[in-house]
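Both counts, for ligands and for their atoms, begin at 1 and track the order of listing.
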Amino acid sequence: MPSELIEFHGMPAVRWGIPGGASATATMQGAHLVSWTLPAGEECLFVSERSPFEAGRAIRGGIPVVFPQFADRGPLAQHGFARTRDWTFIDAVDTADGSRARFRLESSDETLALWPSRFRLELSTTISGTRLDVQLQVVNTGEASMSFMAALHTYLRVSDAAKLRLGGLRGMTYLERGSSERKVEAREQVTADEPIDRIYFVAPPATRLEDGQRVVRIVQRNFSDTVVWNPGRERTARMVDMAPDGFRRMLCVEAAAIEPPVVLAPGATWLASQSIERE
Ligand code: TA6
């Protein structure tokens with residue numbers, strides 16, 4: 001370390017970190033964080049053992065970067081194209097904030113054939129102690145205004161989804177997938193003992209996940225929405241890339257910009273981040 005090129009289930013990847021401390025691995029495809037381990041070696045992200053690890057197919061787990069479309073809210077493939085494109089590894093360096101790796105994705109003939117805007121994305125992922133910071137920068141490199149959605153679709157590894165408690169969302173307006181009715185979260189602690197697939201509009205300053213003895217604090221900056229997803233038993237049974245009990249070992253708490261989409265003037269930059277810290 002600080003960084004080495006490796007293969008993660010056969011996919012080209014970068015591993016970086018702090019000698020004797022935290023470490024992280026991201027595949028070149030998607031700049032997709034597939035591992036984040038604490039200094040004691042504990043893995044904090046869920047990656048499905050049945051995930052495909054193939055060029056052009058989305059990895060199930062880790063932190064997929066969703067851009068420029070969230071879910072099926074537009075004409076592109078589900079969650080856009082950034083997660084299945086090869087990004088360029090820029091560097092991995094030690095900074096005052098921790099060990100940081102950066103990746104870049106720029107528009108190309110291939111993306112322009114799918115989506116008309118010219119862009120440059122930079123994903124900067126920093127680990128330090130028991131904290132992870134993921135920052136997404138979007139630059140409009142074209143000559144027209146551009147509009148996009150984005151998300152860090154974070155899959156947290158949990159000990160038992162049925163016992164989780166996620167605090168910080170009370171009073172937030174949300175939309176459950178499949179419903180058109182907006183509701184207000186009445187619960188102090190959101191649970192995942194039932195399937196959940198919600199967009200909370202207007203992001204809370206922080207959410208706090210209690211997972212048995214573990215407490216995880218999640219903060220997002222400049223992402224307007226928070227998505228909470230657990231597919232539950234029945235949906236998981238229909239997913240080819242999840243083991244039947246996979247839903248019990250994960251919870252997605254996603255920092256997202258969905259509604260309204262971000263509008264960027266030519267030459268302008270948008271910066272947003274998600275931080276996850278073990279208390
Ligand atoms: O962010 C939640 C969500 O949009 C869910 O509706 C669910 O479909 C999930 O993402 C996973 O999407 P994927 O395309 O990775 O199967």
Side-chain angles (χ1 to χ4, degrees), residues 9 11 26-27 29-34 45-85 114-115 134 136 148-158 161 164 166 169 172-183 185 190-192 194-201 203-204 207 209 218 220 223-244 246-259 261 272 274 276:
H9 293 276
M11 298 185 92
T27 56
Q29 176 174 295
H32 195 133
L33 199 71
V34 286
L45 299 178
F46 169 85
V47 174
S48 171
E49 56 277 63
R50 295 200 185 170
S51 173
F53 295 101
E54 286 168 31
R57 294 187 64 194
I59 296 169
R60 174 70 62 203
I63 307 189
V65 177
V66 170
F67 176 89
Q69 172 187 302
F70 184 81
D72 54 1
R73 291 173 162 245
L76 299 174
Q78 160 96 351
H79 287 321
F81 49 70
R83 64 178 177 168
T84 49
R85 287 284 171 301
L114 298 168
W115 192 61
V134 185
L136 178 65
F148 64 87
M149 297 169 228
L152 299 172
H153 197 301
T154 305
Y155 287 72
L156 297 169
R157 183 188 181 105
V158 301
L164 296 178
L166 182 65
L169 295 165
M172 307 286 162
T173 299
Y174 70 87
L175 189 64
E176 183 89 46
R177 190 171 172 83
S179 161
S180 55
E181 191 191 343
R182 288 175 191 233
K183 296 184 179 166
E185 182 57 72
V190 170
T191 54
E194 298 280 331
I196 181 167
D197 190 351
R198 292 183 181 179
I199 303 173
Y200 288 88
F201 301 101
T207 48
L209 180 67
I218 305 156
Q220 60 189 65
F223 277 111
S224 53
D225 313 305
T226 304
V227 180
V228 181
W229 181 56
N230 183 295
R233 186 182 303 280
E234 284 173 23
R235 166 99 197 272
T236 300
R238 297 195 301 273
M239 292 168 71
V240 291
D241 55 2
M242 284 274 268
F247 71 100
R248 295 205 71 148
R249 293 179 275 123
M250 53 77 60
L251 181 74
C252 285
V253 181
E254 308 165 32
I258 302 169
E259 211 183 276
Q274 185 187 46
I276 303 171

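Residue His153 has at least one nitrogen or oxygen atom sitting less than 3.5 Å from a nitrogen or oxygen atom of ligand 1, judged on distance alone.
Contacts with ligand 1 closer than 4.0 Å are made by no heavy atom of Arg198, backbone or side chain. The side chain of Arg235, and not its backbone, has at least one atom closer than 4.0 Å to an atom of ligand 1 (non-hydrogen atoms only; side chain from C-beta on).
Shortest contact from atom 16 (O) of ligand 1 to any protein heavy atom: Arg60 NH2, 2.9 Å. At the shortest separation from atom 12 (O) of ligand 1 among protein heavy atoms lies Gln78 NE2, 3.1 Å. With respect to atom 6 (O) of ligand 1, the closest heavy atom belonging to the protein is Asp197 OD2, 2.5 Å.
The line from OG1 of Thr27 to CD1 of Ile59 is 4.0 Å long, rounded to the nearest 0.5 Å. Annotation: the span from Thr236 atom OG1 to Met250 atom CE amounts to 7.5 Å, rounded to 0.5 Å. In this structure, CD in Glu254 is found 5.0 Å from CZ in Phe70, a value given to the nearest 0.5 Å.
A heavy-atom separation below 4.0 Å is not found between Arg73 and ligand 1.
Near Arg83, the atoms of ligand 1 lying under 4.0 angstrom from a non-hydrogen atom of the residue are 13 (P), 14 (O), 15 (O). Atoms of ligand 1 lying under 4.0 Å from at least one heavy atom of Arg177, given by number and element, are 6 (O). For ligand 1 and Glu254, the ligand atoms under 4.0 Å from any heavy atom of the residue are 1 (O), 2 (C).
Contact detail for Phe247 and Pro231: the closest heavy-atom pair is CB-CG, 4.2 Å. Between Gln29 and Gly56, the shortest heavy-atom distance links the atoms OE1-N, 2.8 Å.
Using cut-offs of 30° and 60° for the angle between ring planes, the His153 and His79 rings count as perpendicular. Ring geometry for Tyr200 against Tyr174 counts as tilted: the plane angle lies between 30° and 60°, on a 0 to 90° scale.
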